[in-house]
Amino acid sequence: MKTYRLAIVGLGRMGSTIDAEVVDYPAYPLPYSIAGACQLIPRLQLAAGADILPEKRRAFQEKWGVAALYEDYREMIERERPDVVAICTVGEHHAPMTVEVASLGVPMIFCEKAMACSMAEADAVRDAVRKSGSKFLTGVLRRWQSTYQEARQRIAAGDIGQPKALVHFGRTNLLHGHSHTLDTVLLLLGDPRALNVHGELLPREVRFESGRLERDPDAVFQVEFEGGIEAQTVRGGAWDFEVHGTEGVLKVANDGLQIALRKKTPVSKSFEPYLETVLPPPALPRSPTVTMLDDLVSAHEEGRPTRSDIEVTHHATEILFAIAECHHLGVPRVALPVQNRNLYIRHR
Ligand SMILES: NC(=O)c1ccc[n+]([C@@H]2O[C@H](COP(=O)([O-])OP(=O)(O)OC[C@H]3O[C@@H](n4cnc5c(N)ncnc54)[C@H](O)[C@@H]3O)[C@@H](O)[C@H]2O)c1
């Protein structure tokens, strides 16, 4: 078995320490951090780390026993030649760093979400990753969580008939939070293409100044996908997703803790109520971060795209910026692709 050397840029929560925040929370089987997950994957070796803060480098060395530590991530890549680079810095660095890491020829790249602060940045990432041929994915962890994967399989197997509508319940901001929401929407519906979007940023008075917002606003949206499927978010609730089909409804509740299935159940010729079954949780819950990094390495070895590759991530980002553009222009709907590639939203 070949082993691959993984290097982390940004030795903070997601890179190193977040596991301590989510102990005994069954929706997120640990390890959550990239460093922690790397330890559980025999094909990966935690080889190096970079952070601009000396105290973060010191803490990382003490926690994980890694000695190859750098202030400058480019120097780390040039000297250590890692096979995988995990970009775990805050949002405004994601796109420029991914472009740089791809251009340095790193074959596997993990980048935290959201991938970019504008569509111009997202285009640059897509072009750099296409050019380098690097395998790529971002930290939209629900895609890798067993419950959501089971939900996707049930929908694909026809348990609810043809999906017609999806409703997400949860209050969150556009880039940091709805990058998760939209990736899960895409996963549950089988990665369809969005055609057009209605979106609003909140509070509703929020305005771009010279095409920029300096903080990531809350948002609501409604998306029309190919095949006439509609998806929307409701600004409240406990991070639930309901997918409504021609034969039933599948609900992933409490951020992935439960799945419930309501199916049309004929009582008589004219009466078909929807009766609910709560399904048992998946038998073998596994750390989504481990499943995700495993897919990155398997994609590299098998010469295939990752299951959340650059094209899927770029499209999800296009939907996010269509929401922002709809608010910015004050129009009812925006068609994809978004014309204005330069709207910029700074996010962590
Ligand atoms: N996928 C998830 O569920 C999840 C969970 C938590 C955080 N995140 C994401 O992870 C990213 C990081 O968040 P966090 O909470 O870990 O932040 P953090 O502040 O704890 O860590 C970021 C680290 O990056 C370092 N850094 C900044 N600039 C750098 C540079 N130029 N070179 C090297 N290091 C640099 C900082 O010093 C800091 O140590 C964010 O984008 C956040 O959205 C995702």
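Every value quoted in this text rests on a predicted model; they were computed, and no experiment measured them. Ligands are counted one by one from 1 in listed order, and the atoms in each one are counted from 1 as well.
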Tell me which protein heavy atom sits closest to [atom], plus the residue, atom name and distance to 0.1 Å.
atom                    : answer
atom 38 (C) of ligand 1 : D51 OD2, 3.5 Å
atom 15 (O) of ligand 1 : R13 NH1, 2.6 Å
atom 44 (C) of ligand 1 : E112 OE1, 3.2 Å
atom 6 (C) of ligand 1  : I18 CD1, 3.6 Å
atom 27 (C) of ligand 1 : I52 CD1, 3.8 Å
atom 3 (O) of ligand 1  : Y32 OH, 2.6 Å
atom 4 (C) of ligand 1  : M14 SD, 3.6 Å
atom 26 (N) of ligand 1 : T89 CG2, 3.7 Å

Checklist entry - Applying a strict 4.0 Å limit to heavy atoms, is H94 in contact with ligand 1? => result yes

When you compare ligand 1 with [X], is there at least one nitrogen or oxygen pair between them that comes in under 3.5 angstrom?
X    : answer
G15  : no
K113 : yes
G139 : yes
H176 : yes

Residue [X] vicinity, atoms of ligand 1 by number, heavy atom under 4.0 Å:
X    : answer
L53  : 37 (O)
K56  : 39 (O)
H93  : 28 (N)
R348 : 15 (O), 17 (O), 19 (O), 41 (O), 43 (O)
M97  : 30 (C), 31 (N), 32 (N)

Anything under 3.5 Å between a donor and an acceptor, one on a side chain of residues 230-237, the other on a protein residue two or more places apart or in another chain? List them.
residue	atom	partner	partner atom	Å
E230	OE1	Q222	NE2	2.5
T233	OG1	H168	ND1	2.7
R235	NH2	D218	OD2	2.9

Next on the checklist: Please work out, at 4.0 Å between heavy atoms, whether the side chain, the backbone, both, or neither of A114 comes within that distance of ligand 1.
Outcome noted: neither

Next on the checklist: Determine whether the aromatic ring centres of residues H178 and F221 are separated by less than 6.0 angstrom.
Outcome noted: yes

Checklist entry - Who are the side-chain hydrogen bond (donor to acceptor under 3.5 Å, both in side chains) partners of Q258, not counting sequence neighbours? => result N254

Next on the checklist: I'd like to know whether V84 forms a side-chain contact (heavy atoms from CB on, under 4.5 Å) with L44, so could you lay out the CA-CA distance, the side-chain angles of the two residues, the decisive distance to 0.1 Å, and finally the verdict.
Outcome noted: CA-CA 9 Å; V84 189; L44 288 178; 3.9 Å; yes

Next on the checklist: Go through it in stages, so that I can follow the logic: the residues are M76 and V9, the test is side-chain contact (heavy atoms from CB on, under 4.5 Å), and I'd like the CA-CA distance, side-chain angles, deciding distance and then a yes or no.
Outcome noted: CA-CA 9 Å; M76 173 182 75; V9 185; 3.9 Å; yes

Item to check | Main-chain N/O of D159 paired with K263 side-chain donor or acceptor, under 3.5 Å | outcome: yes

Between the side chains of [X] and [Y], is a donor N or O closer than 3.5 angstrom to an acceptor N or O?
X    : Y    : result
T289 : W144 : no
H176 : R348 : no
D123 : H314 : yes

Checklist entry - Any idea how Y25 and Y28 line up, ring-wise: parallel (<30°), tilted (30 to 60°), or perpendicular (>60°)? => result parallel

Next on the checklist: Checking I310 against V125 for the side-chain contact (heavy atoms from CB on, under 4.5 Å) test, could you report, in this order, the C-alpha distance in whole Å, the side-chain angles of both residues, the deciding distance, and whether it holds?
Outcome noted: CA-CA 8 Å; I310 186 64; V125 170; 3.7 Å; yes

Checklist entry - Has R43 got its NZ or CZ under 6.0 Å from the middle of the six-membered ring of Y4, at an angle within 45 degrees of the ring axis? => result no

